[in-house]
Each structure stands twice: as C-alpha cells, then as structure tokens.
Enquirer: 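One structure, as structure tokens, below. Some questions next.
It should be emphasised that the depicted structure is a prediction, and the values quoted were computed from it without experimental measurement. Naming convention: chains lettered A, B, ... in sequence-line order (proteins, then strands); numbering from 1 in each chain.
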Protein chains: 2
Amino acid sequence: MATIKDVANHAGVSVATVSRVINDTGYVHENTRQKVDEAIRQLNYSPNEVARSLFKRKSKLIGLLLPDITNPYFPELARGVEDRMQESSYRLIFGNSDEDEHKERDYIQTFVQNNVVGVISSTNDPNADTYMKLKIPVVFLDRTSNDMPSVYADGREGGRIAAQQILARGSRNVTIQQGPKHVRPAQDRYQGALEILEQSGTPYQVVQTSSFSYEQAGVSAKELFQKYPDTDGVIASNDIAAVAVLHEALRLGRQVPDELQIIGFDDIPLSSLVYPTLSTIHQPAYEMGREAAGLLIEIMENGYALHNNIQMPVSFIQRDTTRKVD
Amino acid sequence: MATIKDVANHAGVSVATVSRVINDTGYVHENTRQKVDEAIRQLNYSPNEVARSLFKRKSKLIGLLLPDITNPYFPELARGVEDRMQESSYRLIFGNSDEDEHKERDYIQTFVQNNVVGVISSTNDPNADTYMKLKIPVVFLDRTSNDMPSVYADGREGGRIAAQQILARGSRNVTIQQGPKHVRPAQDRYQGALEILEQSGTPYQVVQTSSFSYEQAGVSAKELFQKYPDTDGVIASNDIAAVAVLHEALRLGRQVPDELQIIGFDDIPLSSLVYPTLSTIHQPAYEMGREAAGLLIEIMENGYALHNNIQMPVSFIQRDTTRKVD
DNA sequence: TTGTAGGCGTTATCAA
DNA sequence: TTGATAACGCCTACAA
C-alpha cells in the first residue's frame with residue numbers, strides 16, 4: 001500500500017502538503033494541489049486509518065453489541081444502525097453478547113482498545129460499571145436507562161394496547177406471558193398489559209417465559225395450555241413465543257381466532273408469514289436502529305444531544321390471530 | 001487510558017520491559033515481571049490495539065461482508081463466523097453490501113484502511129478486481145470461486161435431491177423457480193433440479209425470480225400460479241420464495257401437500273414455523289460460517305490451507321409441504 | 001504557500 | 001536481564 005510519503009515523493013512535495021490536500025486544511029496552491037491529486041490517483045493512495053486513529057486518538061469505528069443476531073428481531077435493528085452509520089462513514093465492529101456479562105465486558109474492552117468513538121448496546125444492565133466508566137459515548141438500543149442516552153419502544157403502551165385489543169375482541173380469560181425477568185422491555189410490556197387487565201376486572205393469569213429462544217418458546221407454549229386449557233386469549237411475550245403458542249394451539253385443535261386469540265410483540269418479518277398470520281404489536285425496529293445511530297452521531301459530534309431519550313411509538317397490527325372488529 | 005509508558009513509570013522499569021512481559025517475549029526477571037503485572041493491574045492497563053496494528057502492519061480485525069443481514073439466511077452465517085473468530089480473539093468489522101458493487105468496493109477499501117488481516121465475503125463476483133488485487137487473504141462464503149478459498153453448500157446436489165424427492169412423492173407437473181441469475185448458488189440448485197427433471201422425462205416448467213426479497217417473492221408466487229395453474233409441485237428458489245408460494249397456494253384453495261407439493265431451500269428457522277411446516281433442503285449455515293472463519297484463520301496463520309474449497313453437504317428435510325413416503 | 005520535526009502507543013533491535 | 005531508540009503512517013505546530 002502506498003503511504004503519504006510515497007505520494008509526497010511522487011508529487012515532489014512534502015508530506016505536510018499532501019496531508020493538507022487530503023484533509024483540505026490550511027493553504028495549498030492550486031497547482032500543487034493538482035500535482036498531489038494526480039499522484040494520489042496514480043498510486044491509488046488512500047490514507048491509513050490506523051495511523052490516523054493513533055494520532056487523533058479516535059477512529060471512524062463504532063462498536064455494536066447485540067444479544068444475538070440470530071434472533072429475528074435484531075437484524076432489523078442492526079441494519080438500521082448500519083445504514084445510518086454508513087451515511088456518515090462510520091464503520092461497525094460487531095459482536096453478539098448472548099446476554100453474557102463476561103462476553104459483554106470483553107467486547108467493550110476490545111472496542112476501546114480499537115479506539116472506537118462510540119458504542120451502541122442492547123444490554124440488560126445499562127448501569128453496569130462497564131458502561132458507567134466508559135469515556136466514550138454510549139447509546140442503549142431497545143433498552144432503557146434514565147441517565148444514559150437510549151432509544152426504545154414504548155413497551156408499556158404496547159402492553160396496554162395488546163390487552164385493550166384482546167379484550168375489545170372478546171377474550172374473557174386471558175393469559176399473559178411475563179417474559180424474561182431480566183429483560184426490561186419484556187417487563188414493561190407485561191406491566192402495561194397487567195394494568196389494563198386489572199382495570200377491566202376480567203379474569204386473567206400469568207405464566208413465565210424464561211428466554212426468547214425457539215426451543216424455550218415451544219416448551220412454554222405447552223406448559224401454558226397444560227396449566228390453563230380454558231384460556232381464550234394469549235398475550236405473548238414476543239412474536240417467537242406467540243408463534244409457538246399458535247402452533248401448540250393448532251396442534252390441540254383449538255380454533256384461532258374464534259376460540260382463542262393470540263397477540264404477539266415485535267412484528268418481526270415472520271409474523272406475516274406464519275399461518276394464520278399473527279396479530280401483533282409493531283415495534284419500528286429498523287427506525288430504532290437508525291435513531292440510535294443518529295443519536296450517537298449527534299453526541300459524538302456535538303458533545304451532547306437535544307433529546308437523550310427517544311421513545312418510539314408502537315402500534316397494533318391486526319392480522320388473523322385476532323377477530324375482526326371494525 | 002493508561003499507556004505502556006504509565007505502566008513503565010509506575011513499575012519503575014522501561015517500556016521495553018513492559019512490552020516484554022505483556023507479550024511474553026525475551027527475558028525478564030521474575031521479580032520485575034511481578035512488579036509490572038502489579039502496575040498493569042493497578043492502572044487497569046490494556047494495550048492499545050491501534051498502536052500495535054500500526055507497528056505490526058496487521059490487526060486482530062477481520063472484515064465480514066454479507067449481502068443483507070436482514071435476510072434470514074445470513075444471521076446464521078454471521079453467527080458462525082463470529083463464534084469461530086471470537087474463539088481466536090479476532091473481531092469483526094461488518095457491512096451489508098446489498099449486492100451493490102460500489103458499496104462492496106467501499107467496504108473492502110475501508111477494511112484495508114483499517115489493516116484487517118482477512119476478509120470473508122458473500123459476493124456475487126468473486127473474480128472482481130476488488131478481490132483479485134487484495135493482498136490479504138479472502139474466503140468466499142456461500143459463494144464459489146475456483147482459484148480462491150471458499151466455503152459453500154453443494155447446491156447442485158441440493159437441486160437434484162429436491163427434484164428427486166418431489167418426483168418420488170408423485171408430482172407430475174413440476175415448476176422450478178430459477179432464482180436470481182447473478183447469484184451462483186441459486187443457479188447451481190436450478191441446474192441440479194433441471195438435470196433430474198430432464199432425465200425423468202416428466203413435464204416441467206421454469207419461472208424466474210429476480211430477487212430474494214419478501215415482496216418480490218409474493219409477486220413471483222402470484223405469477224407462478226397465473227401462468228401454471230395446474231402445477232402440482234414447486235421447487236422454490238429458497239425458503240422465502242417457498243413460503244410465498246405456500247401462502248398463495250393456500251389463498252387459492254389448493255390442498256398442500258395433497259394437490260400441490262412445495263420444497264424450499266436453505267432451511268431457515270422460519271421453515272419449521274410456518275403452517276404447514278415447510279419441506280426443504282437444509283444448508284448447514286451456521287457451520288458454513290464457522291468453516292469459513294476456520295479456513296481464513298488457517299490461511300492467515302500458516303500462509304496456506306490444506307483444503308481451500310470446502311463443500312458442505314445438504315440434506316432433505318421432510319416436513320408438511322410434501323407427502324409422506326416411508 | 002510550503003517544509004521540518006515531534007509525537008500518537010507499540011514493538012523490535014541493539015547495546016549495555 | 002534491562003534500557004534507549006528507531007520505526008510504523010499520519011497530523012499539526014512552527015518556522016521559513
């Protein structure tokens with residue numbers, strides 16, 4: 001690879017001059033600028049980001065930490081982040097944390113070792129030392145933290161909507177899946193649904209789901225119907241769980257949505273591809289990713305942001321696991 | 001952040017000595033080693049990878065370029081790569097190419113600018129200059145190139161199996177989706193299926209699908225049934241396309257699998273979650289990712305690999321869009 | 001308008 | 001066994 005020195009030699013100028021033209025900083029005569037540009041072209045030179053990063057103590061790299069890209073909710077987020085970052089010519093160092101504190105710390109550490117200028121993370125513990133001590137800006141994505149910048153959906157409202165809709169459509173014996181206790185957004189949804197159900201005075205029951213994996217979802221679905229065979233409405237903890245419930249219901253011969261309604265959460269692409277298609281609460285995942293990236297960029301470039309906590313709206317998507325009502 | 005100099009001062013030794021202990025290179029007295037370790041611990045020092053990278057002209061970073069992480073096939077691949085890389089403490093700079101030559105070149109360039117030591121790419125054009133001229137090792141993933149290292153599934157065989165199975169299960173008027181012309185693995189499958197169909201002498205027809213997006217898949221599915229309403233077996237270009245065909249068939253009131261059989265390709269998680277569940281050709285995506293990472297590591301560390309072209313086996317997964325035959 | 005030189009944090013060479 | 005020091009490629013005073 002050609003270095004700035006090569007370019008300087010080739011153009012018959014000093015490295016300082018070359019640096020000036022590539023960074024468009026300070027004075028440089030039009031003629032010499034052209035000579036330099038020509039040399040750059042001929043040598044196919046492009047600056048070494050590593051050297052730059054070392055000198056400036058900052059790179060064009062940002063760290064992105066997601067629980068598991070294999071979970072269909074996260075690719076959308078990731079893509080939103082990437083698209084926005086790429087527009088401002090930042091690049092992503094990417095890692096899966098598996099919600100494992102240790103792996104998370106590990107990644108954060110190598111992020112800083114590589115001079116990343118910011119990080120976006122979906123962690124379960126935004127208040128962990130790992131983040132509090134960081135000297136570079138962090139934005140939490142799909143997670144909430146009071147004192148730190150974050151972008152998240154209005155989970156509580158989502159839970160409320162789910163409960164309202166399922167009630168409005170006639171379910172009278174609702175089962176709510178609580179979702180993993182350590183995942184904040186899951187608990188928000190749960191609380192929101194609870195709130196409405198309590199108010200309404202209709203009977204309901206709660207079941208736990210401990211993780212968001214496919215296998216776990218299947219197990220939880222079976223348990224649900226064993227414990228509460230008479231339930232006529234399920235507010236699932238997310239779409240994966242909802243699909244598992246749906247399949248178990250079909251297997252048991254329950255009529256969906258006539259005997260049993262199901263509402264999911266997230267609106268992952270899968271939701272409109274299952275049969276019957278899944279009614280769910282839509283989270284604007286791609287936009288959330290973009291917003292998080294935008295927020296981080298704002299903070300990185302201005303030192304602060306106008307709005308540090310961005311809550312995104314959710315909405316009910318009526319499909320075929322709930323009854324029609326117009 | 002503490003630097004090696006801080007550590008040296010703190011421990012009362014020279015930076016050279018500190019460097020020796022952190023890299024475990026050259027002689028260093030047990031006592032001084034302990035002093036240094038202690039200083040490192042106290043200052044919470046960890047080496048600046050950027051400075052290292054500058055000096056050594058190589059980093060612990062590798063570039064990963066995928067068409068679109070939002071397409072459900074790729075997260076598995078990415079995860080496989082990440083897991084293997086992480087075991088050898090490499091980190092990933094990740095980008096979506098959107099199969100756009102320009103974006104691809106852009107990414108590759110910044111990879112190089114950041115001193116990545118290797119790249120893994122799912123490109124449609126492995127022979128492009130961009131790759132041929134690269135001075136660092138490249139492994140193509142889910143793509144084939146004769147002269148360059150690559151990891152891919154046996155698409156041709158997959159196509160054959162799909163055709164054999166659908167024939168063996170009684171379809172007599174098969175429609176094959178050809179898949180995007182510029183995507184090599186799609187064409188391999190197509191050729192494989194064609195081969196068997198030709199041999200068998202049963203009537204068949206071919207339809208085009210131009211992209212792998214959800215929307216396109218829906219459109220193609222509609223077209224398929226408009227043109228060939230009598231088809232009794234579809235070999236789809238991938239699982240997304242297959243699901244679209246499945247839904248269109250259901251919408252048209254076709255009995256699946258009794259009147260119409262469908263076979264997909266990829267075996268993405270979705271396949272077992274649709275209803276009826278999708279029979280498909282399984283590609284070991286996660287393992288392919290791991291293999292690609294392993295191959296790249298081998299090349300990076302030894303300068304060459306024993307086997308540069310790794311072809312992974314595919315298999316038929318019988319689910320509910322094909323008739324049982326035992 | 002241009003060039004010289006020092007320094008960013010490491011590692012490796014060489015001498016002590 | 002240890003320490004000074006040059007070098008990796010770049011940028012920015014400062015001097016000319």
Enquirer: Just how far, in rounded Å, is P of D:dT1 from CD of B:Q34?
Expert: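 From B:Q34 CD to D:dT1 P: 14 Å.
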
Enquirer: Rounding to a whole Å, what distance do you find between B:N48:CG and C:dG7:C1'?
Expert: 14 Å

Enquirer: For the side chain of A:T17, counting heavy atoms from C-beta on, which of C:dT4, C:dT2, D:dC10 is nearest?
Expert: C:dT2

Enquirer: In whole Å, I'd like the distance from the CD1 atom of B:I4 to the P atom of C:dA12.
Expert: 11 Å

Enquirer: Between B:N23 and C:dT11, does any side-chain N or O lie under 4.0 Å from OP1 or OP2?
Expert: yes

Enquirer: Is there side-chain contact between A:Y131 and A:T123, with at least one heavy-atom pair below 4.5 Å?
Expert: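 A:Y131 vs A:T123: side chains touch.
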
Enquirer: With respect to the phosphate group of D:dC11, does any side-chain polar atom (N or O) of A:R52 fall under 4.0 Å of OP1 or OP2?
Expert: yes

Enquirer: Starting at the 5' end of DNA chain C, which residue's closest nucleotide do you reach first, A:V28 or A:V15?
Expert: A:V28

Enquirer: By nearest atom, which of the nucleotides D:dG9, C:dT1, D:dA4 is closest to the A:Y27 side chain?
Expert: C:dT1

Enquirer: Under the side chain to side chain contact (heavy atoms under 4.5 Å, CB included) rule, what do A:Y152 and A:M312 come out as? Steps first, then yes or no, please.
Expert: CA-CA 6 Å; A:Y152 52 93; A:M312 308 285 285; over 6 Å; no

Enquirer: NZ of A:K35 versus C1' of C:dG3: gap in Å, rounded?
Expert: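 Going from NZ in A:K35 over to C1' in C:dG3 covers 13 Å.
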
Enquirer: So does B:E101 have more than 12 non-hydrogen atoms from other groups sitting under 6.0 Å from CD?
Expert: no

Enquirer: Below 3.5 Å, does any donor atom in the side chain of A:R57 face an acceptor in the base of C:dG9, or the other way round?
Expert: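 Not at all, since no donor on one side and acceptor on the other fall under 3.5 Å apart.
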
Enquirer: Over all strands shown, is B:T32 touching base, sugar-phosphate only, or nothing at heavy-atom distances under 4.0 angstrom?
Expert: sugar-phosphate

Enquirer: Using whole Å, report how far CZ of B:R20 lies from C1' of D:dG3.
Expert: 7 Å

Enquirer: As a test of reading the structure: which of C:dT11, D:dC11, C:dG3 is closest to the side chain of A:I22, going by heavy atoms?
Expert: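 So the side chain of A:I22 is nearest to D:dC11.
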
Enquirer: Can you tell me which nucleotide in D:dC10, D:dT12, D:dG3 comes closest to the side chain of B:S14?
Expert: D:dG3

Enquirer: Please give, in whole Å, the distance from C:dG9 P to B:K56 NZ?
Expert: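 Computing the B:K56:NZ to C:dG9:P distance gives 18 Å.
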
Enquirer: Between D:dG9, C:dT10, D:dA13, which one does the side chain of B:T3 approach most closely?
Expert: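 So the side chain of B:T3 is nearest to C:dT10.
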
Enquirer: Specify the residue among B:H29 and B:F55 whose closest nucleotide of DNA chain D lies further upstream toward the 5′ end.
Expert: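 Going by which nucleotide is closer to the 5' end, it is B:H29.
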
Enquirer: Side chains of B:Q34 and B:E38: is there a donor and an acceptor less than 3.5 Å apart?
Expert: no

Enquirer: Rounded to whole angstrom units, what separation is found between the CG atom of B:N31 and the P atom of D:dT2?
Expert: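 Computing the B:N31:CG to D:dT2:P distance gives 9 Å.
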
Enquirer: How long is the straight-line distance from CG of B:N115 back to OG of A:S53, given to the nearest 0.5 Å?
Expert: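 Between A:S53 OG and B:N115 CG, I get 10.5 Å after rounding to 0.5 Å.
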
Enquirer: Rounded to whole Å, how long is the line connecting atom CG of B:L43 with atom P of C:dG9?
Expert: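 Atom CG in B:L43 sits about 14 Å away from atom P in C:dG9.
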
Enquirer: Applying a 4.0 Å non-hydrogen cut-off, can you work out what A:V50 is touching in the nucleic acid: base, sugar-phosphate, or nothing?
Expert: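 The answer is nothing, as A:V50 stays clear of every strand by at least 4.0 Å.
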
